[in-house]
Undergrad: 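Take this structure, written in structure tokens, and hold onto it; I'll ask about it next.
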Amino acid sequence: MPELPEVEVVRRGLERWVSGRTVAAAEVFHPRAVRRHVPGAEEFVSRLRGRTVGTAQRRGKYLWLPLDGSDAVLAHLGMSGQLLVTDPGSPPEKHLRIRLSFTDGGPELRFVDQRTFGHVLVTALADSAGRPVPEPITHIAADPFEEHFDAGVFARRLRARQTEIKRALLDQSLVSGIGNIYADEALWRAGLHGARPTERLTGPKIAELLDAAREVMSEALEEGGTSFDSLYVNVNGESGYFDRSLAVYGRRDLPCRRCGTPIVRESFMNRSSYSCPRCQPRPRGLRTPGRAGP
DNA sequence: CCACACACCTGTGCGC
DNA sequence: TGCGCACAGGTGTGTG
């Protein structure tokens with residue numbers, strides 16, 4: 001379940017191991033892995049041959065490798081995607097989907113993905129929110145660590161939404177990089193229940209929430225990325241498993257680290273939300289599912 | 001334009 | 001032992 005910190009760990013790995021090298025050949029082992037590459041798998045392969053990779057880039061949960069010229073290889077890891085740097089001769093992984101070899105005969109880059117929610121494609125770059133990004137992700141908002149991220153614009157757009165705060169945090173067109181785990185953690189730090197209506201949040205509270213999101217993701221990044229199962233592996237194949245910094249996620253019935261109240265799990269958007277019922281009281285009245293408004 | 005439900009996937013763990 | 005099912009959940013698409 002890679003979110004921003006995990007993806008950043010992968011980006012750093014790509015920058016170290018892949019940037020500056022020239023692709024000798026690409027192979028696609030599963031068509032679903034390149035389903036977003038509109039011209040098809042064969043074109044994907046021919047488009048990559050002989051191209052030299054620039055400095056690895058990231059926005060939110062998306063990664064890309066600029067190519068000489070004006071396009072880039074774009075990747076999203078989805079739920080279970082991994083980018084592995086491996087010895088050229090090593091045996092194929094069970095869920096190996098794409099392999100890139102390089103002209104220097106050095107390590108290969110492999111895209112391995114069990115659940116096939118992730119994908120890779122080659123695309124042109126376009127301008128978005130102050131910098132060039134791959135065309136298919138121009139609708140993805142800047143993440144909170146980008147230089148051009150505008151907290152004022154974020155607060156204004158957030159309050160204009162008629163929705164709940166956790167939904168908004170997960171909306172990558174509003175702010176990118178935050179997934180289910182760090183959304184819960186940021187909400188806990190800010191003392192907000194995920195069902196709080198966005199329209200009634202104050203400017204200072206939104207700023208506090210944004211700071212909390214930045215903090216929790218920075219801390220996870222320092223620890224090498226967080227993930228809740230063994231599926232997430234960084235670019236060198238090492239597990240990014242780490243959960244010491246998590247205060248609520250996956251901690252049902254365990255004591256809140258702030259007040260000791262047992263953490264509760266609630267179902268939300270077909271997934272789990274964890275919160276402290278004392279530190280993060282559920283809003284009363286309006287837009288509580290199954291209840292009439294005042 | 002906006003909000004939301006749902007499809008897309010596979011492996012794991014649990015109850016019966 | 002094996003079967004069925006809930007669960008993990010990010011994103012694009014379709015619907016109202």
Side-chain angles (χ1 to χ4, degrees), chain A residues 1-8 10 29-38 58-64 74-83 93-98 111-121 123 133-141 143 156-187 194-200 213 217 225-233 239-241 243 246 248-252 265-274 286-290 293:
Chain A
M1 327 164 182
E3 301 182 26
L4 188 153
E6 292 80 15
V7 177
E8 174 61 16
V10 175
F29 301 104
H30 196 305
R32 197 173 148 74
V34 292
R35 66 193 180 281
R36 305 272 174 214
H37 187 82
V38 179
R58 182 188 57 73
R59 163 166 284 179
K61 304 168 194 172
Y62 285 89
L63 282 166
W64 67 94
L74 174 65
H76 192 286
L77 301 177
M79 291 296 302
S80 55
Q82 306 166 11
L83 286 168
E93 292 75 10
K94 182 176 182 185
H95 301 292
L96 176 63
R97 309 304 190 195
I98 297 170
F111 179 63
V112 175
D113 188 11
Q114 175 202 112
R115 297 179 207 172
T116 70
F117 278 30
H119 62 272
V120 180
L121 57 89
T123 181
V133 305
E135 257 170 3
I137 65 161
T138 51
H139 66 291
I140 299 294
D143 69 56
R156 183 157 42 78
R157 293 188 63 206
L158 186 75
R159 269 196 300 246
R161 292 289 175 98
Q162 300 283 312
T163 192
E164 299 171 356
I165 183 60
K166 183 167 177 181
R167 283 182 185 279
L169 280 183
L170 295 176
D171 184 342
Q172 305 295 300
S173 69
L174 204 50
V175 55
S176 68
I178 302 172
N180 199 41
I181 295 175
Y182 297 118
D184 278 3
E185 295 299 317
L187 289 165
R196 289 278 293 269
T198 48
E199 64 205 334
R200 293 211 295 271
M217 290 194 290
T226 295
S227 185
F228 224 65
D229 59 32
S230 58
L231 287 173
Y232 168 71
V233 177
S239 173
Y241 183 91
D243 65 8
L246 300 184
V248 285
Y249 191 85
R251 299 192 67 243
R252 168 148 70 162
R265 174 191 177 277
E266 297 172 285
S267 193
F268 165 84
M269 290 168 74
N270 290 327
R271 64 192 71 184
S272 295
S273 286
Y274 297 89
L286 278 172
R287 72 176 57 257
T288 301

Undergrad: Please tell me which of A:Asp171 and A:His95 maps to the more 5' nucleotide of DNA chain B, matching each residue to the nucleotide holding its nearest heavy atom.
TA: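 Result: A:Asp171.
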Undergrad: Checking all strands, does A:Arg265 fall into the base, sugar-phosphate, or nothing category for heavy-atom contacts under 4.0 angstrom?
TA: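 Contact class for A:Arg265: sugar-phosphate only.
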Undergrad: I want to confirm an ordering. Mapping A:Ala160 and A:Arg271 to their closest nucleotides on DNA chain B, which one lands closer to the 5' end?
TA: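 Its nearest nucleotide lies further toward 5', so the answer is A:Ala160.
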Undergrad: With sugar-phosphate meaning primed atoms plus P, OP1 and OP2, does A:His30 contact a base, only sugar-phosphate, or nothing at under 4.0 Å between heavy atoms?
TA: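 A:His30: no heavy atom of the nucleic acid under 4.0 Å.
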Undergrad: What is the distance, to the nearest angstrom, from the CG atom on A:Leu121 to the P atom on C:dG12?
TA: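 Going from CG in A:Leu121 over to P in C:dG12 covers 11 Å.
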Undergrad: Separation of A:Arg157 atom CZ from B:dC1 atom P, in whole Å?
TA: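 One finds 11 Å between P of B:dC1 and CZ of A:Arg157, rounded.
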Undergrad: Grab the CG-C1' distance between A:Leu4 and C:dG10 for me, whole Å please.
TA: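 Between C1' of C:dG10 and CG of A:Leu4: 14 Å.
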Undergrad: Could you state the atom-to-atom distance from CZ of A:Arg167 to P of B:dC4 in whole Å?
TA: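 The answer, rounded to whole Å, is 5 Å.
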Undergrad: Do any side-chain nitrogens or oxygens of A:His76 fall under 4.0 Å of OP1 or OP2 in C:dT11?
TA: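 A:His76 to C:dT11 OP1/OP2: side-chain N or O found under 4.0 Å.
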Undergrad: For C:dA8 and A:Ser272 - does any side-chain N or O of the residue sit under 4.0 Å from the phosphate oxygens OP1/OP2?
TA: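 Answer yes for this pair, as a side-chain N or O of A:Ser272 is under 4.0 Å from OP1 or OP2.
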Undergrad: State plainly whether the residues A:Arg196 and A:Glu164 are in salt-bridge range, i.e. N to O under 4.0 Å.
TA: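 A:Glu164 and A:Arg196: not salt-bridged.
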Undergrad: Check whether any side-chain N or O of A:His119 sits under 4.0 Å from OP1 or OP2 of B:dC8, and answer yes or no.
TA: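 No, because none of the side-chain N or O atoms of A:His119 sits under 4.0 Å from OP1 or OP2 of B:dC8.
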